[in-house]
Chemist: 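Quick one: structure below, then a few questions.
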Amino acid sequence: MISHKTYFEEVGIWPKRSKGVIGDYLFGGVLAVLLTLAAYAVATRSLFTPSLSVALVILLILLQFLVQVRYFLHIRWNTAGTERLLSLAYAMLIVSILLIGSLWIMQNLSTRMMPSPEQMNAYMKRNPGL
Amino acid sequence: MSTHHTHSRERVHEEALAADSRTVFGFWLYLMSDLVLFSGLFATYVVLRADPMFGSANGPVLGGSFVLIETLVLLLSSIMCGIALYAARSANKRGTLLALLGTGILGGLFLYMECTEFAHLLATGNGWNVSGYLSAYFVLLGTHALHILIGLVWLLALMISISIRSLSRSSMRKLALWSMFWHFLDIVWLFIFLIVYLLPL
């Protein structure tokens with residue numbers, strides 16, 4: 001016979017003594033919905049300059065990422081689940097190396113690459129004195 | 001004799017719980033490796049979109065509000081999954097099954113919407129063979145859709161297991177693992193929403 005009340009805490013997916021976990025899901029859920037709507041509003045309505053909008057949308061989605069990790073996956077700084085936090089941090093490190101590295105390399109390659117004939121034509125039309 | 005007996009039963013119980021928490025952590029590590037897999041697909045997508053040689057003039061965005069609804073549907077499904085866990089905590093079999101059914105219906109709706117978008121793209125001549133960009137799009141979104149499909153099949157098996165064996169220890173363990181998988185897929189979708197849909201707008 002197992003104790004249902006403490007099972008999820010014992011296996012480590014919920015924080016210890018978590019009476020208010022339902023509150024976590026609801027509070028995190030409302031927060032996530034609001035952040036989604038906010039990000040969508042910033043992206044679709046031209047409220048700000050383009051570069052500010054892009055920065056704001058990225059910020060809002062990253063914020064929602066943190067909200068979901070905290071309130072749905074219950075990963076916190078000070079719980080017994082430090083291994084999960086550490087492995088998440090490590091995975092995020094690999095992810096950022098992969099993403100930033102790919103963009104960096106391809107950007108570099110792109111600037112060193114000879115343009116296609118069409119691009120060359122367009123470039124020469126834009127700069128007639130060349 | 002009697003105290004010795006309860007003592008050893010407690011030991012067995014504790015060992016079983018420790019084994020379950022190792023399983024949960026192992027599954028978590030699998031999810032992290034899945035995250036790395038997705039990041040490779042994201043990197044391919046971002047690189048191919050940025051390059052005019054591979055890019056397609058007409059992007060795959062169906063209409064912003066369609067994707068917004070899709071996102072909210074999956075988010076609600078994720079919240080519903082949390083409610084199912086909460087019902088299981090109170091050993092409420094009926095409530096757990098109902099909440100899981102809700103989670104599954106929302107997940108199914110999401111998958112249906114994702115497939116609608118694929119069908120729309122194929123019908124308008126934007127198949128995966130048109131450009132490198134569209135290939136990357138279909139592989140990224142298709143991998144996510146495949147995960148959702150596997151999650152739904154797994155959910156069905158889980159619901160059958162709960163209805164036959166009630167909320168036994170093995171059902172609780174499967175529920176814990178499945179909930180992690182489902183929340184994880186919502187988080188991956190969050191980044192698809194950002195990179196594929198929001199940033200081009």
Side-chain angles (χ1 to χ4, degrees), chain A residues 1-8 10-14 18 21-22 24-26 28-30 32-33 36-37 39-40 42-44 53-54 57-58 60-62 64-65 68-69 71-73 81 83-84 87-88 90-92 94-103 105-107 110 113 116 119, chain B residues 13 16-18 20-21 23-25 28-29 31-33 35-36 38-40 42-44 46-47 50-53 64-65 67-68 71-72 75-76 78-79 81-83 85-86 88-92 167-169 172-173 175-177 179-180 183-184 186-187 190-191 193-194 197-199 201:
Chain A
M1 194 54 212
I2 64 157
S3 154
H4 291 91
K5 274 210 158 24
T6 53
Y7 183 81
F8 293 133
E10 298 281 356
V11 298
I13 65 162
W14 279 5
S18 50
V21 157
I22 187 81
D24 264 18
Y25 285 116
L26 297 179
V30 169
V33 168
T36 303
L37 292 174
Y40 181 74
V42 171
T44 48
S53 293
V54 166
V57 166
I58 293 176
L60 285 169
I61 295 291
L62 285 180
Q64 194 184 336
F65 168 69
Q68 292 208 12
V69 165
Y71 292 105
F72 293 173
L73 291 172
E83 307 102 334
R84 289 206 298 158
S87 52
L88 177 66
Y90 180 64
M92 293 313 286
I94 304 271
V95 167
S96 31
I97 290 173
L98 244 161
L99 272 177
I100 296 169
S102 304
L103 277 175
I105 291 169
M106 293 311 286
Q107 186 75 42
S110 176
M113 187 116 104
S116 66
Q119 285 171 321
Chain B
H13 179 67
L17 276 178
D20 281 4
S21 64
T23 307
V24 163
F25 182 56
W28 175 259
L29 288 183
L31 288 181
M32 293 301 99
S33 69
L35 191 63
V36 173
F38 272 109
S39 77
F42 273 117
T44 313
V46 171
V47 163
D51 195 324
M53 258 177 84
S65 55
V67 180
L68 179 66
T71 305
L72 290 176
L75 182 57
L76 283 181
S78 199
I79 297 169
C81 167
I83 293 170
L85 251 67
Y86 193 73
R89 180 188 182 270
S90 335
N92 180 352
L167 289 164
S168 64
R169 189 171 70 85
M172 291 291 274
R173 185 185 61 233
L175 189 58
L177 297 180
S179 78
M180 282 159 72
H183 291 315
F184 169 77
D186 191 26
I187 289 178
L190 194 61
F191 287 100
F193 183 54
L194 170 71
Y197 296 104
L198 287 186
L199 288 185
L201 294 172

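Convention: sequence-line order gives letters A, B, ...; per-chain numbering from 1.
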Chemist: Which answer fits F65(A), side chain, backbone, both or neither, if we ask what part of it has an atom under 4.5 Å from a heavy atom of chain B?
Modeler: both
Chemist: Looking only at heavy atoms and a cut-off of under 4.5 Å, which of F42(B), F191(B), F38(B) has the most pairs with chain A?
Modeler: F191(B)
Chemist: Using the side chain to side chain contact (heavy atoms under 4.5 Å, CB included) rule, take N92(B) and H4(A) through it: C-alpha gap first, then chi angles, then the decisive distance, then the call.
Modeler: CA-CA 9 Å; N92(B) 180 352; H4(A) 291 91; over 6 Å; no
Chemist: Please give me the minimum heavy-atom distance between L98(A) and S39(B), naming the atom from each residue.
Modeler: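 Here L98(A) and S39(B) meet closest at CD1-OG, 3.3 Å.
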Chemist: Report the distance from atom CD1 of I22(A) to atom CD1 of I79(B), rounding to the nearest 0.5 Å.
Modeler: 10.5 Å
Chemist: Indicate the atoms forming the closest heavy-atom contact of Q68(A) with I187(B), along with that distance.
Modeler: OE1-CG1, 3.4 Å
Chemist: Please identify, among L76(B), L75(B), L167(B), T71(B), the residue contributing the most non-hydrogen atom pairs under 4.5 Å to chain A.
Modeler: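 Winner by heavy-atom pair count: L75(B).
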Chemist: Just verifying a value: how many Å separate F8(A) CZ and M172(B) CE, rounded to the nearest 0.5 Å?
Modeler: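 One finds 4.0 Å between CZ of F8(A) and CE of M172(B).
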Chemist: Examine distances only and state if a side-chain atom of Y40(A) and a backbone atom of S65(B) form a donor-acceptor pair shorter than 3.5 Å.
Modeler: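 Yes: the side chain of Y40(A) pairs with the backbone of S65(B).
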Chemist: I58(A) versus chain B, heavy atoms under 4.5 Å apart: side chain, backbone, both or neither?
Modeler: both
Chemist: Select, from L73(A), I94(A), V54(A), the one with the greatest count of heavy-atom pairs under 4.5 Å involving chain B.
Modeler: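 Highest number of heavy-atom pairs under 4.5 Å: L73(A).
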Chemist: Before you tell me yes or no, could you show the steps for S179(B) and I13(A) under side chain to side chain contact (heavy atoms under 4.5 Å, CB included), namely the whole-Å CA-CA distance, both residues' side-chain angles and the distance that decides it to 0.1 Å?
Modeler: CA-CA 9 Å; S179(B) 78; I13(A) 65 162; 4.1 Å; yes
Chemist: To the nearest 0.5 angstrom, please state how far the CG atom of L62(A) sits from the CG atom of L190(B).
Modeler: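 Reported to 0.5 Å precision, the distance equals 8.5 Å.
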Chemist: Given the options I83(B), L72(B), L85(B), which has more heavy-atom pairs under 4.5 Å with chain A than any of the others?
Modeler: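 Most heavy-atom pairs under 4.5 Å with chain A: L85(B).
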Chemist: Run the side chain to side chain contact (heavy atoms under 4.5 Å, CB included) check on V11(A) and F25(B) step by step: do they pass?
Modeler: CA-CA 9 Å; V11(A) 298; F25(B) 182 56; over 6 Å; no
Chemist: What residues form a side-chain contact (heavy atoms from CB on, under 4.5 Å) with S78(B), not counting sequence neighbours?
Modeler: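 By the side-chain contact (heavy atoms from CB on, under 4.5 Å) rule, S78(B) matches F72(A), H183(B), D186(B).
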Chemist: As an exercise, state the distance from CE of M180(B) to CZ of R84(A), rounded to the nearest 0.5 Å.
Modeler: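 The CE atom of M180(B) sits 5.5 Å away from the CZ atom of R84(A).
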Chemist: What is the distance from atom CG of L60(A) to atom CG of L198(B), rounded to the nearest 0.5 Å?
Modeler: 9.5 Å
Chemist: Identify the two heavy atoms, one from M32(B) and one from A91(A), that lie closest to each other, and give their separation to 0.1 Å.
Modeler: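 Closest heavy-atom pair between M32(B) and A91(A): SD-CB, 3.8 Å.
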Chemist: Starting at OG of S3(A), measure out to CZ of R89(B) and round the result to the nearest 0.5 Å.
Modeler: 9.0 Å
Chemist: Given a strict heavy-atom distance threshold of 4.5 Å, which part of V24(B) is in contact with chain A: side chain, backbone, both, or neither?
Modeler: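 It is the side chain, since no backbone atom gets that close.
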